[in-house]
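Notes follow the structure.
Residue numbers begin at 1 in each chain, while the letters A, B, ... track the order of the sequences. On a predicted model such as this, the values are computed, not experimentally measured, just so you know.
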Amino acid sequence: MDYQKPIPLKNQDNQPYWDGADRHELLIQTCESCHQYAHPPGPACAKCGSTELSWENFGSDIKGTIYSFVVSYRPFLPGFQNDLPLIIAIVELEKATTVRLIGNIQECNPDDVKIGMPVKMTWVDITDDRALPHWIPAP
Amino acid sequence: MSNIKERYAIVGVGESERSKNSGTTPLHLALDAARAAIGDAGLSPKDIDGFMSYSENDSCTSHQLATYLGVRPKYVKDILGGGSSTEMLVADAIGLIETGQVNTVLIFRSMNGRSGVRMGGGGWDVDMLQSAIDGGSFIIPYGAGSPSQWFGLFATRHMYETGLTKEHLGHVCVSFYEHAQRNPKAYFYGKPLTMEEYLNTPNLSSPFNKHDFCLESDEANAIIVTSAERAKLCKSRPAYIMGIAARQCVSHAHYWSNLSEVASDYVAAEVYKMAGVKPEDLHVASIYDCYSWVVLRQLEAFGIAPRGEVGDFVAEGNLRMGGRLPSNTAGGMLSEGYTHGMNNVLEIVRQIRHDYKGTERQVDNCEIGLCTGWAGPDIAGAMILRN
Ligand SMILES: [Zn+2]
């Protein structure tokens, strides 16, 4: 069956991130002027306003810890009715602790999710050419 | 900048009927609220020369409202906005009066918030949301489409860092529902909430259950702002504006970038400075309450209780009548009605004017009140009023 949930819309600012996700890689925008990470990516660095931006490839072995989360018991967007309860988390990257990514925690009992829990990025192929990063509890 | 402290006042407040299904248009509701506010001030429609509103494309225009009050306005403004829009428009009105554009401004919010366009999430176009929200592609594909989830991410972390518990959220709800029992016009009048019932209610989206969510209602509210000189000509007792911080923002439009800051943190310093008061000088408050946790976070931001002690503050009953800062005394948006905050403004004006004198709804000796607005963690405002 066709994927029923929202698919990330690519635009000129976020395209390298989502192109990377489609290849099962994580790319994060960085600022060449102040040397800080910029997430979400934008047309300029939100820390210093510089347009000297580049992308750092973190590869496919991505670890992090849960910084915050919610567990939703009803769908607030179309397509999520079969994903309940849904865990939405903000995950702090192990290799770049200033970067926090929002994602779903999969393969996890909602009663077990907690702040500080180690997680690992996984990619789900949602269409022929698109993939969406998610997180699963790290062993 | 000229000091506007106590040179402007809210001189009229009014509302329409409140229901879950008005059976009428936002224009009709807005006219009812406007006529009530004009009557409250003892003015005639022709005394109003500026009209403003905020909406989410779910209302009538200011020009329509003025038209059917029989007034040709000198100035109209309709903005897109929810929480904290009232404070912003009050500040805009002051600026316009200060520069001689208009004399007296009526600000309204009218919505069929239950039977028409609902705010609680659902029904929105997901591609629109992805584009409309900064970094929207990083949140919408994960099913986060409701403010309860967006603010919930802040709440979970804040509760973890400061020791707030579900029971502390419950104290906000129980306190406000208790106020609603003194307000026959409140939606949950006759429906008090016990802590036991609260704690036994399952979460809709953690850490929030249905009681932590504001309700949805069909209603319109209106307020009238004018100069202190003109306020003397009104029949109502003016609620003078001591200070106003129209809008403050956090540092990133994608506000999930930093869960440690909310816009209210920046609002608090500005509004206290302009008003020349401290948190301990406040007698009554209307604290924007789209969700229970939002109240707790603002109590911290506005220095009403220190970080880490906010839970004890509410558990001790300090938001209740007789507490240190009775708040949302009509029941707030958790239990009275929901107009993106303007119903809370109406209530604090009425408390400051001692409209409830002689009844158990009146906060004793209340002279100074704080009214806060919260569009989200990202954008907020506030004003301090006195009688
Ligand atoms: Zn930079």
Looking only at heavy atoms, which two atoms of Arg297(B) and Ser260(B) are closest? And how far apart? NH2-O, 3.6 Å
Give me the ring orientation class for Phe154(B) and Trp293(B): parallel if the planes are under 30° apart, tilted from 30 to 60°, perpendicular past 60°. tilted
Under a 4.5 Å heavy-atom cut-off, does chain B meet the side chain of Leu9(A), its backbone, both or neither? both
Tell me which of these, Ile139(B), Leu153(B), Asp134(B), Val126(B), has more heavy-atom pairs under 4.5 Å with chain A than the rest. Leu153(B)
Aromatic ring pairing His39(A)/Phe138(B), orientation class (parallel under 30°, perpendicular over 60°, tilted between): perpendicular
Return yes if some donor-acceptor pair links the side-chain N/O of Asp125(B) with the main-chain N/O of Met128(B) below 3.5 Å, else return no. yes
Under 3.5 Å donor-acceptor, Ser137(B) side chain and Gln130(B) backbone: no
Inter-chain contacts: residues 118-138 of chain A against chain B, heavy atoms under 4.5 Å: Leu132(A), Pro133(A), His134(A)
Taking the six-membered ring of Phe80(A) as reference, does the cationic atom of Lys5(A) (NZ for Lys, CZ for Arg) lie under 6.0 Å from its centre and within 45° of its axis? yes
Considering only heavy atoms from C-beta outward, does the side chain of Ile379(B) approach that of Ser84(B) to under 4.5 Å? yes
Chain A contact via Gln149(B) - which portion, at a heavy-atom distance below 4.5 Å: both
Heavy atom to heavy atom, less than 4.5 Å: which residues from residues 61-70 of chain A reach chain B? Tyr67(A), Ser68(A), Phe69(A), Val70(A)
With under 30° as parallel and over 60° as perpendicular, where do the rings of Phe58(A) and Tyr37(A) fit, or are they tilted in between? tilted
Do Ser59(B) and Arg109(B) touch side chain to side chain, with heavy atoms closer than 4.5 Å? yes
Do Cys31(A) and Glu52(A) touch side chain to side chain, with heavy atoms closer than 4.5 Å? no
Pair Tyr160(B) and His158(B), ring centroids less than 6.0 Å apart: no
Taking 4.0 angstrom as the limit, do Asp378(B) and Arg247(B) come out as a salt bridge? no
Which residues, numbered in order, of residues 203-211 of chain B come under 4.5 angstrom of chain A by heavy-atom distance? Asn203(B), Leu204(B), Ser205(B), Ser206(B)
Top contributor to chain A interface from Ala144(B), Gly136(B), Ala253(B) [non-hydrogen pairs under 4.5 Å]: Ala144(B)
Would you say the side-chain atoms of Thr372(B) pair up with the backbone N or O of Tyr288(B), donor to acceptor, closer than 3.5 Å? yes
Contacts of His252(B) meeting ring-ring contact (aromatic ring centres under 6.0 Å, His included) (sequence neighbours excluded), chain-then-number -> none
Taking all non-hydrogen atoms of both residues, which atom of Phe76(A) and which atom of Ser148(B) are closest, and how far apart? CZ-OG, 3.7 Å
